[in-house]
Undergrad: 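Quick one: the structure is below, questions incoming.
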Number of protein chains: 4
Amino acid sequence: MTDPDVRDAIMTATYEALCEKGYSDLTAQSIADRTDRSKSALFYHYDSREALVAELIEYLIEGFESRVAKTRDQPALERLVAFIDWFLSAPDDDERAFHTALLELRAQAPYNDVFRERLRESDAHLRHALVEILEDGIEEGVFCDHDPDAIATLLLAAFDGARIRQVTLDRNEYLETISTGVVDHILADVLDPDAELPAEASFAFPRDERLRNDEKSPVETATDDAEPRDTDE
Amino acid sequence: MTDPDVRDAIMTATYEALCEKGYSDLTAQSIADRTDRSKSALFYHYDSREALVAELIEYLIEGFESRVAKTRDQPALERLVAFIDWFLSAPDDDERAFHTALLELRAQAPYNDVFRERLRESDAHLRHALVEILEDGIEEGVFCDHDPDAIATLLLAAFDGARIRQVTLDRNEYLETISTGVVDHILADVLDPDAELPAEASFAFPRDERLRNDEKSPVETATDDAEPRDTDE
Amino acid sequence: MTDPDVRDAIMTATYEALCEKGYSDLTAQSIADRTDRSKSALFYHYDSREALVAELIEYLIEGFESRVAKTRDQPALERLVAFIDWFLSAPDDDERAFHTALLELRAQAPYNDVFRERLRESDAHLRHALVEILEDGIEEGVFCDHDPDAIATLLLAAFDGARIRQVTLDRNEYLETISTGVVDHILADVLDPDAELPAEASFAFPRDERLRNDEKSPVETATDDAEPRDTDE
Amino acid sequence: MTDPDVRDAIMTATYEALCEKGYSDLTAQSIADRTDRSKSALFYHYDSREALVAELIEYLIEGFESRVAKTRDQPALERLVAFIDWFLSAPDDDERAFHTALLELRAQAPYNDVFRERLRESDAHLRHALVEILEDGIEEGVFCDHDPDAIATLLLAAFDGARIRQVTLDRNEYLETISTGVVDHILADVLDPDAELPAEASFAFPRDERLRNDEKSPVETATDDAEPRDTDE
DNA sequence: AATGAATGAGCATTCATTCAT
DNA sequence: AATGAATGAATGCTCATTCAT
């Protein structure tokens with residue numbers, strides 16, 4: 001199978017191209033451009049453009065898992081607040097671009113079994129992370145007894161709905177309204193009367209370090225030098 | 001301006017093509033095929049494929065508005081239950097196809113000013129309809145005093161999040177969980193202690209009659225894989 | 001046959017559209033836009049777009065003839081200088097646009113019998129006008145005896161060559177070089193030793209008054225209102 | 001950069017297609033048809049149809065240059081006569097087709113910066129070749145002292161004007177008249193009294209061997225009217 | 001492992017022209 | 001005399017994918 005370094009390189013390129021172009025404008029060339037390999041190399045390592053993107057979802061899940069793992073030693077309430085924050089605070093440009101592209105990807109899932117399967121897996125991990133927080137919180141006594149699954153489902157729906165509205169309508173203001181609503185109407189019902197939700201997260205849910213594009217190397221777009229295209233002799 | 005009958009015909013065709021093909025596979029030809037006109041006729045009436053779709057959103061808003069109007073004489077609680085039902089009950093195949101296509105459209109909004117503007121308008125109408133119900137309910141005394149705008153925003157987020165999960169992950173089960181959660185955790189907080197949410201809607205939120213495809217005339221083309229989209233885009 | 005006023009209107013519109021768009025971008029619509037009639041009306045009066053343009057050449061010839069007629073009472077040398085001036089002085093923007101478009105038209109002649117026939121006719125008139133000047137000059141004694149036909153042919157070639165270079169290479173400087181060369185090397189040979197070519201024309205070769213676009217009515221191009229194209233409902 | 005053989009093949013195909021179809025009927029397909037490659041291959045090597053044609057002009061210039069180089073050892077008067085002959089003798093069908101197409105191209109220059117730039121370059125080379133002849137002639141003592149630049153400009157104008165009339169009006173007879181006129185009225189003035197212009201060229205200005213279409217392989221397509229363009233654009 | 005070259009299928013859009021009214 | 005609506009034919013260009021090397 002593909003060398004992990006090569007995989008990293010291709011996945012990062014795919015991620016960046018996806019963020020910059022969006023899914024429907026994502027071309028094999030635009031991925032290759034962000035790589036020091038050729039377009040053909042992509043197809044050598046992956047069967048199709050679709051497979052490339054499916055693999056990216058997988059890659060992102062792995063990243064998510066390892067980041068969740070890093071926070072497991074924190075108290076449940078802290079983790080919950082960090083999670084909400086991660087989901088519902090106004091994104092910077094890079095995050096926004098990613099969510100935008102991810103939404104496009106999700107929108108393809110109904111037509112694409114492979115994507116759907118990967119996204120289900122991703123959903124499972126996300127839900128699991130939240131359920132874990134809720135269960136740990138019950139154990140820690142900061143949550144009253146409740147059905148963590150059902151609450152997680154409801155929370156994720158609200159979070160997702162917040163995001164889709166923010167991204168598609170360009171309305172950041174919804175995020176805070178929903179964040180407040182979630183706390184007041186949903187979390188209020190599961191929080192132990194003696195516990196209190198921290199007003200602010202004591203730590204930030206970590207970013208995926210593999211995808212940090214440290215050096216914003218702008219990809220030349222005008223004259224694509226991957227192809228001959230000789231204008232002058 | 002285009003003859004209303006022609007507009008109806010084109011909009012219906014656009015709607016059907018969109019549902020069957022999805023947005024990214026929506027071609028001018030696929031719309032024309034569902035019309036007794038030629039592809040060129042489409043461009044005679046509308047500037048571009050994009051304009052055609054933008055107009056469809058407008059058309060759907062008009063339909064939504066007139067359907068909302070029809071329910072204004074109902075009591076607030078009934079309307080609320082009907083609204084939730086409309087949003088959160090398991091869709092039939094046609095509805096599902098529509099939601100799927102609509103999600104694709106929304107996913108394009110970040111890249112497309114025209115769509116975004118239309119979708120904002122659509123969002124405003126949807127929110128307004130919900131706010132209206134909540135306000136009427138306060139007046140009728142079935143809701144305690146609260147901020148209808150904030151609650152509407154929260155509800156719509158939860159609804160939308162439910163839908164996107166159902167559609168993209170093919171998980172109908174989420175719908176009911178979220179429906180129950182919404183009622184128990186959000187509506188419970190705004191319902192007047194003396195009032196009770198009907199267990200079931202006494203009327204169904206009406207469908208858009210203009211788009212009822214009575215006769216499922218399968219479009220046939222030579223090499224056309226008549227099957228609704230399947231693999232990848 | 002078509003009412004002369006209508007013909008004038010259509011011909012003027014054709015002329016203007018041709019100048020503004022060039023021949024290869026000349027569309028029936030662009031002509032109709034410069035008319036208070038519809039595109040269909042054009043086809044009612046003329047068989048085809050080609051016929052429209054062919055008729056324009058005819059129309060221009062008529063104009064040329066009547067302008068030549070106006071100068072027949074002038075002395076040959078004055079007429080010659082005016083003619084050279086008309087041909088070889090730096091054109092203003094409108095003239096340049098016309099010459100540019102006309103060149104395109106001429107370039108189509110090898111492929112188009114109708115155009116070729118009309119342009120031959122036009123050439124004949126032009127040559128005749130020049131020959132007439134030369135013959136009158138011989139009679140007036142300002143030219144020594146020579147073959148007016150041959151000289152006219154040579155002069156027109158030089159003029160035309162000057163123009164094509166000026167227009168296609170955007171090199172106005174060629175015009176003066178050639179003008180001087182024509183006078184020094186060609187006209188010097190036919191001028192009577194006692195006669196002298198005026199340094200400057202005493203009158204300007206007249207313009208075609210029918211085509212003076214007095215009011216530069218800018219044609220709206222963006223949203224063509226000749227078609228429905230309803231963007232919003 | 002594209003393999004020289006491939007470039008040759010594509011340029012030859014472009015040349016042939018241009019001659020046969022003319023510029024306004026020149027389609028990417030018509031070029032590909034004259035190649036053993038696909039239409040897409042064209043776009044792999046060149047950015048656009050326009051770039052293809054621009055490159056052809058470049059290619060022709062290279063050819064011209066190398067052919068000029070081959071004649072530099074001839075005496076100036078011989079070269080001049082060969083040059084005039086090349087320009088002003090009645091063309092065979094292939095040459096005529098080429099001049100026709102080239103005229104169309106030149107007619108596009110005012111609208112097309114890329115073409116204009118290339119054609120300016122081409123003009124510079126042509127002028128330079130003529131100036132060189134005149135300068136060499138002065139040095140050789142066969143021309144009296146004169147301004148080679150001005151004379152070259154005048155000659156080229158006359159030549160070009162002769163050609164455009166011949167091509168667009170289908171009047172070969174003009175060529176000889178102008179040829180004679182040029183000799184009698186222009187060259188007579190610069191020729192040294194002791195020198196004499198050869199009545200006939202001792203060698204022919206060479207053809208571009210790369211473009212010799214040895215085997216007239218008629219391109220066949222299903223509905224293709226194989227006949228060279230005929231009616232209107 | 002990697003690539004340069006090539007390709008075929010696909011698609012939005014334009015436009016001269018027609019025709020019923 | 002005139003038009004709005006409609007159309008069919010045509011075309012440049014894109015892109016995932018293949019394959020010989």
Undergrad: Would you classify L26(C) as touching base, sugar-phosphate or nothing, given that sugar-phosphate means primed atoms plus P, OP1 and OP2, and contacts are heavy atoms under 4.0 Å?
TA: sugar-phosphate
Undergrad: Within the structure, does a side-chain N or O atom of H45(D) lie under 4.0 Å from either OP1 or OP2 of dG4(E)?
TA: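 H45(D) to dG4(E) OP1/OP2: no side-chain N or O under 4.0 Å.
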Undergrad: I'd like to know whether the aromatic ring centres of F115(C) and Y23(C) sit less than 6.0 Å apart in this structure.
TA: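 Yes, ring centres under 6.0 Å apart.
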Undergrad: Kindly point out which of dC11(E), dT7(F), dT17(E) is positioned nearest to the side chain of S48(C)?
TA: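 Within the option list, the nearest is dT17(E).
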Undergrad: Quick one: do Y59(C) and D8(C) satisfy side chain to side chain donor-acceptor pair (under 3.5 Å)? Show the steps, please.
TA: CA-CA 9 Å; Y59(C) 188 78; D8(C) 270 348; 2.5 Å; yes
Undergrad: Return the 5'-most residue of the pair L42(B), V6(C) with respect to DNA chain F, ranking by each residue's nearest nucleotide.
TA: V6(C)
Undergrad: If you round to the nearest 0.5 Å, how far is CZ of R37(B) from CD1 of I31(B)?
TA: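 The CZ atom of R37(B) is 14.0 Å from CD1 of I31(B), to the nearest 0.5 Å.
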Undergrad: Write down the distance between CG (D25(B)) and C1' (dA9(E)), rounded to a whole number of angstrom.
TA: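 Those two atoms, CG and C1', are 13 Å apart.
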Undergrad: What's the closest nucleotide to the side chain of A41(A) if the choices are dA6(F), dT3(E), dT17(E)?
TA: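 Nucleotide nearest to A41(A)'s side chain: dT3(E).
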Undergrad: Given atom CG of D3(B) and atom C1' of dT21(E), what is their separation to the nearest angstrom?
TA: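 Atom CG in D3(B) sits about 15 Å away from atom C1' in dT21(E).
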Undergrad: In whole Å, I'd like the distance from the CD atom of Q29(A) to the C1' atom of dA6(E).
TA: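 So the CD-C1' distance, Q29(A) to dA6(E), works out to 14 Å.
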Undergrad: Of the candidate nucleotides dT18(F), dA16(F), dT13(E), which contains the atom at the shortest distance from the side chain of S40(A)?
TA: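 Between dT18(F), dA16(F), dT13(E), the one nearest the side chain of S40(A) would be dT18(F).
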Undergrad: May I have the distance from I31(C) (atom CD1) to dT17(E) (atom C1'), rounded to whole angstrom?
TA: 14 Å
Undergrad: Starting from C1' on dG8(E), measure out to CG on D33(D) and report it in whole angstrom.
TA: 15 Å
Undergrad: Could one point to a donor on the side chain of K39(B) or the base of dT13(E) with an acceptor on the other under 3.5 Å away?
TA: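 In this structure, the two groups form a donor-acceptor pair.
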Undergrad: Return no unless some side-chain N or O of Y44(C) is found under 4.0 Å from OP1 or OP2 of dA2(F).
TA: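 For Y44(C), the contact criterion (side-chain N or O under 4.0 Å from OP1 or OP2 of dA2(F)) is not met.
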Undergrad: Specify the separation, in whole Å, of atom CG of L52(C) and atom P of dC15(E).
TA: 16 Å
Undergrad: A28(D) near the nucleic acid: base, sugar-phosphate alone, or nothing, with a heavy-atom cut-off under 4.0 Å?
TA: sugar-phosphate
Undergrad: How long is the line joining CZ of F43(B) and P of dA6(F), in whole Å?
TA: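 Rounding to the nearest Å, CZ of F43(B) and P of dA6(F) are 15 Å apart.
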Undergrad: Atom CG of D5(B) to atom P of dG4(F): distance rounded to whole Å?
TA: 19 Å
Undergrad: Could you pick out which residue, S38(C) or E50(D), lies toward the 5' side of DNA chain F when each is mapped onto its nearest nucleotide?
TA: S38(C)
Undergrad: Is a donor on one side and an acceptor on the other found under 3.5 Å between the side chain of E104(A) and the backbone of A107(B)?
TA: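 Between the backbone of A107(B) and the side chain of E104(A) there is no qualifying donor-acceptor contact (under 3.5 Å).
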Undergrad: Is a salt bridge present between E16(D) and R210(D), judged by a nitrogen-to-oxygen distance below 4.0 Å?
TA: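 Here E16(D) does not pair with R210(D) in a salt bridge, since their nearest N and O are not under 4.0 Å apart.
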Undergrad: Dot-bracket for DNA chain E: what is it, with Watson-Crick or G-U pairs under 3.5 Å, [ ] where a pair crosses earlier ones, and | for a pair to another strand?
TA: .||||||||||||||||||||
Undergrad: Y15(A) and C19(A): side chain to side chain contact (heavy atoms under 4.5 Å, CB included), yes or no, with the steps?
TA: CA-CA 6 Å; Y15(A) 174 82; C19(A) 289; 3.8 Å; yes
Undergrad: Which nucleotide sits closest to the side chain of T27(B): dG8(E), dA12(E), dA16(E)?
TA: dA12(E)
Undergrad: Begin from the C-alpha positions of E55(D) and R7(D) and carry the test side chain to side chain contact (heavy atoms under 4.5 Å, CB included) through to its verdict.
TA: CA-CA 10 Å; E55(D) 177 74 351; R7(D) 184 185 182 234; 2.8 Å; yes
Undergrad: I'd like to know if R34(B) pairs up with E20(B) as an ion pair, taking the criterion as any Lys NZ or Arg NE/NH1/NH2 lying under 4.0 Å from an Asp or Glu carboxylate oxygen.
TA: yes
